[in-house]
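FYI, the numbering just counts along the sequence from 1.
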Amino acid sequence: MESVGVGDLVQAAGNAGPWTVLEVRHGMALLEHADGHRLSRRTTSLTVVRKAEPGAAAASSESADSNGESPTLFD
């Protein structure tokens, strides 16, 4: 089984996809669909469709607010 990482495109079981992985923490992944919907799923229930390009995680962290943190569904 391929590990799930930030920026990967994944298929979530029982949900139309693909979904982009925004965050991975404690075996859970925060996902966002192209239409803006978000959900969280266990990483074990996801299938990687396409791995993120190298450096994609760094680019997404630059979008954090001024104090270096952005709110997530995990907070």
Side-chain angles (χ1 to χ4, degrees):
M1 178 190 271
E2 197 169 7
S3 64
V4 175
V6 173
D8 291 351
L9 285 179
V10 297
Q11 177 63 47
N15 292 280
W19 298 79
T20 302
V21 178
L22 300 179
E23 185 176 345
V24 178
R25 190 186 307 174
H26 305 295
M28 297 292 290
L30 174 62
L31 310 175
E32 183 174 59
H33 195 269
D35 64 6
H37 284 86
R38 289 185 175 188
L39 58 88
S40 60
R41 291 288 183 264
R42 294 199 174 277
T43 56
T44 55
S45 70
L46 303 175
T47 303
V48 176
V49 175
R50 187 177 76 215
K51 293 297 287 177
E53 296 292 323
S60 67
S61 67
E62 291 174 6
S63 66
D65 64 18
S66 61
N67 68 2
E69 296 182 17
S70 55
T72 69
L73 293 178
F74 295 125
D75 292 336

Peer 1: For Val48 and Ser3, which heavy atoms make the closest approach, and how far apart are they?
Peer 2: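 Looking at all heavy atoms of both residues, the closest pair is CG2-O, 3.9 Å.
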Peer 1: Mind checking the NE2-OG1 spacing from His26 to Thr43? Nearest 0.5 Å is all I need.
Peer 2: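 The OG1 atom of Thr43 is 12.0 Å from NE2 of His26, to the nearest 0.5 Å.
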Peer 1: Minimum heavy-atom separation for Ala52 to Asp8, with atom names?
Peer 2: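 That closest heavy-atom pairing would be N-OD1, 2.8 Å.
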Peer 1: With rounding to the nearest 0.5 angstrom, report the OG1 to NE2 distance, Thr20 to His33.
Peer 2: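 Result: 9.0 Å between the selected atoms.
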Peer 1: So, for Glu32 and Leu22, which heavy atoms are closest and what is the spacing to 0.1 Å?
Peer 2: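 That would be CB-CD1, 3.6 Å.
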Peer 1: If you look only at distance, which donor and acceptor atoms sit under 3.5 Å apart when one is on a side chain in residues 9-19 and the other is two or more places apart or in another chain?
Peer 2:
{"residue": "Gln11", "atom": "NE2", "partner": "Asn15", "partner atom": "O", "Å": "2.4"}
{"residue": "Asn15", "atom": "ND2", "partner": "Ala13", "partner atom": "O", "Å": "3.2"}
{"residue": "Trp19", "atom": "NE1", "partner": "Ala16", "partner atom": "O", "Å": "2.7"}

Peer 1: Can you confirm whether Arg41 sits close enough to Leu31 that some side-chain heavy atom of one is under 4.5 Å from a side-chain heavy atom of the other?
Peer 2: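 Arg41 vs Leu31: side chains touch.
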Peer 1: Considering non-hydrogen atoms only, spot the tightest contact between Leu46 and Ala29 and give its length.
Peer 2: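 Answer, listing the atom of Leu46 first, then Ala29: CD1-CB, 3.7 Å.
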Peer 1: Can you hop from Val21 to Val49 via hydrophobic side chains spaced under 4.5 Å?
Peer 2: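 No, separate clusters.
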